[in-house]
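First comes the structure, then the notes that go with it.
In listed order, ligands and their atoms are each counted from 1.
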Amino acid sequence: MRMNMVKKVVIVGGGTAGWCAAAGLSRLLGPMLDITLVESADIGIIGVGEATIPTIRAFHTLISVDEQAFMRATNATFKTGIAFENWARDGDRYFHSFGTIGKSPWMAPFHNIWLEARSQGFGGSLDDYSLETKAGLAGKFQLHKNLPINYAYHFDAVLYGKYLRSLSEASGVKRIEGDVTSVRQNPETGFITAVTLASGAVVEGDLFIDCTGFRGLLIEQTLKTGWEDWSHWLPTDRALAVQTRADTPVTPYTKAAAHGEGWRWRIQLQNRVGNGMIYSSAYLSDDEAEARLRGLLDEPMLNEPRIIKYGAGRRKAFWNKNCIAMGLASSFVEPLESTSIHLFQRGVLHLVQNFPFFGITDAQVDHYNDVSSKELEYARDFVILHYKLNERTDSAFWKDRAAMSVPDDLQARIDLFRETATAYQGPGELFRVDSWAQVMLGQRLEPRGWHRLAGLMTRQEMDGVFDGLKKTVDHTVAQMMPHDTFVKQYCPTTAA
Ligand code: FAD
């Protein structure tokens, strides 16, 4: 497969994925490309997707986003991790932090030393050794050159799109508002040649990026790429989203609290809170879910709950002919670990690194699809882990999740951790060893053994290590500002 030089890029869709693609391509390859983005005001965007992970900062650095300007424009707050409530058992709480836990010698990660201490009745909680956990739970945040804190953001998805649009247009992206009503293809190759709008306008291109959301207008409706269904592992298929007032100081972390048939999120911005309920319609009706959500909200609602239907899975190819699907058009893994925005930002950067300047080749398409599939599957498996390792007995939903078989790679990781406390981050994988350890331990996976490097220390030396690490974290958190005080100084909202 080969076609002519690629210069004209047409992005269809102006949600977060569309504007990330536009901003990435225009800010990194701009002068060499001719980029048009088509979006429909009538269809609008999904308007959720407000929690991120630290990799977003690398994307922003590459496309020269000014952090303070971006945060002011999007009502953003800082996020140091995710607090999981009721996941293994009702009443449990653990924190998946973005930072490192304790100090890891080369021989084995810190959680091995902590497991040894715990077996001897000391060492406290793993949380005591994580700056991001302790700062998050204390409602503290600050940026300072001597403060090694890892973080991401919560922001308003609609305003983030607008912000990226302003960057993209300043870098030469042409924006056309209108509904795409038909798609033209080369009759011999099937390659897309143009999209036609309701106005009759025709937008031609060499490469098309499908960011049309769940409908997958180009990748599926036109190219019939096919869908791989993952609902047997991730059966939730509904979200109810609602905004509430922000009456309390910001919690600088995402809350993910399990309920009888799924979980709910709470994401606090500068001016409001985003709330949502994730559930499976096979186990809970929409009416029951809505009643449950209303009963669980902490603050008064600013709008009525809105239902979003979805399915877990992915297109059989992300890149098919001269069309690349990004965002919801390409795949969906529920937002438990806030991975979607990360995944399409990776897709944008991967495209920038492998741009088909001289024409599209099979090898290039295969490589892109292979890398993107693996990255998505790693994220998927990490999310499945939370469900698989539950001990809840209150509903068929949770019992079925604990009983399900999981992908082989994931089962092997679970077995390895159960036997030896070994967690690893393979090449190209998103989640760090500390992420796997925090979630596995938080989900009550009890290792039968661990690396006994702590046996090289006396009890007194171990006490010294734990004490020193804990004191450093506590001292640092005590010095930090309340999150809201810092945000008011650093990036107070300018958004309406
Ligand atoms: P959309 O926002 O749906 O945009 C589609 C675009 O295509 C729109 O501009 C629309 O107008 C346009 N379009 C469609 N058809 C046509 C047409 N015929 N002609 C012209 N234009 C058209 N991700 C995270 O990283 N963190 C989270 O916390 C998170 N939470 C989520 C919660 C829920 C409940 C869901 C469902 C998803 C969540 N996600 C999250 C995922 C995240 O919302 C999406 O990945 C992100 O918003 C990207 O969406 P999109 O741009 O692909 O699609």
Between [X] and ligand 1, does any nitrogen or oxygen pair lie at a separation below 3.5 Å?
| X | result |
| --- | --- |
| L328 | yes |
| S40 | yes |
| V48 | yes |
| F332 | no |
| G14 | yes |
| A51 | yes |

Using a 6.0 Å distance limit plus a 45 degree cone around the ring axis, check whether R413 lies over the aromatic ring of Y424.
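Yes, R413 lies over the aromatic ring of Y424.
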
Taking the six-membered ring of W230, is the NZ or CZ of R380 close enough (under 6.0 Å from the centre) and on axis enough (within 45°)?
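Yes, cation above the ring, under 6.0 Å and within 45°.
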
Residue and atom name of the nearest protein heavy atom (relative to [atom]), distance in Å to one decimal:
| atom | value |
| --- | --- |
| atom 16 (C) of ligand 1 | I43 CD1, 3.4 Å |
| atom 39 (N) of ligand 1 | G49 CA, 3.8 Å |
| atom 1 (P) of ligand 1 | I46 N, 3.7 Å |
| atom 32 (C) of ligand 1 | P335 CG, 3.4 Å |
| atom 25 (O) of ligand 1 | I341 N, 2.9 Å |
| atom 48 (C) of ligand 1 | F344 CE2, 3.6 Å |
| atom 19 (N) of ligand 1 | V180 N, 2.8 Å |

Would you please indicate if the ring centroids of F98 and Y151 are separated by under 6.0 Å?
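No, the ring centres sit 6.0 Å or more apart.
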
Hey, do the aromatic rings of F382 and W436 have their centres closer than 6.0 Å?
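Yes: the rings meet the under 6.0 Å criterion.
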
Verify the distance criterion only: is there a donor paired with an acceptor across the side chains of [X] and [Y] at less than 3.5 Å?
| X | Y | answer |
| --- | --- | --- |
| T225 | N320 | yes |
| E334 | W263 | yes |
| D179 | S40 | yes |
| N150 | R57 | yes |
| Y94 | Q443 | yes |
| S168 | R165 | no |

With respect to [atom], which of [options] exhibits the smallest heavy-atom separation?
| atom | options | result |
| --- | --- | --- |
| atom 13 (N) of ligand 1 | L240, V38, T212 | T212 |
| atom 8 (C) of ligand 1 | G44, S340, G213, A329 | G44 |
| atom 6 (C) of ligand 1 | C211, A17, G18 | C211 |
| atom 4 (O) of ligand 1 | G13, A239, A241, G15 | G15 |

pair [X]-[Y]: side-chain heavy atoms closer than 4.5 Å:
| X | Y | result |
| --- | --- | --- |
| I149 | E132 | yes |
| M301 | N275 | no |
| L336 | H386 | yes |

Hey, which atoms in ligand 1 end up nearer than 4.0 Å to a heavy atom of [X]?
| X | result |
| --- | --- |
| R215 | 14 (C), 15 (N) |
| G327 | 52 (O) |
| G178 | 19 (N), 20 (C) |
| D179 | 19 (N) |
| E50 | 27 (C), 28 (O) |
| I45 | 2 (O), 8 (C), 9 (O) |

Please identify which of these residues, L297, L240, D286, meets the side chain to side chain contact (heavy atoms under 4.5 Å, CB included) condition with P305.
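Of L297, L240, D286, side chain to side chain contact (heavy atoms under 4.5 Å, CB included) with P305 is met by L240 alone.
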
Any non-hydrogen atom of A157 lying under 4.0 Å from ligand 1?
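No; A157 lies far enough from ligand 1 that no heavy-atom distance drops under 4.0 Å.
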
Got a donor-acceptor contact below 3.5 angstrom from the K321 side chain to the T189 backbone?
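Judged by distance alone, yes, a pair lies under 3.5 Å.
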
Using a 4.0 Å heavy-atom cut-off, say whether L197 meets ligand 1 through its side chain, its backbone, both or neither.
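L197 to ligand 1: no contact under 4.0 Å from either part.
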
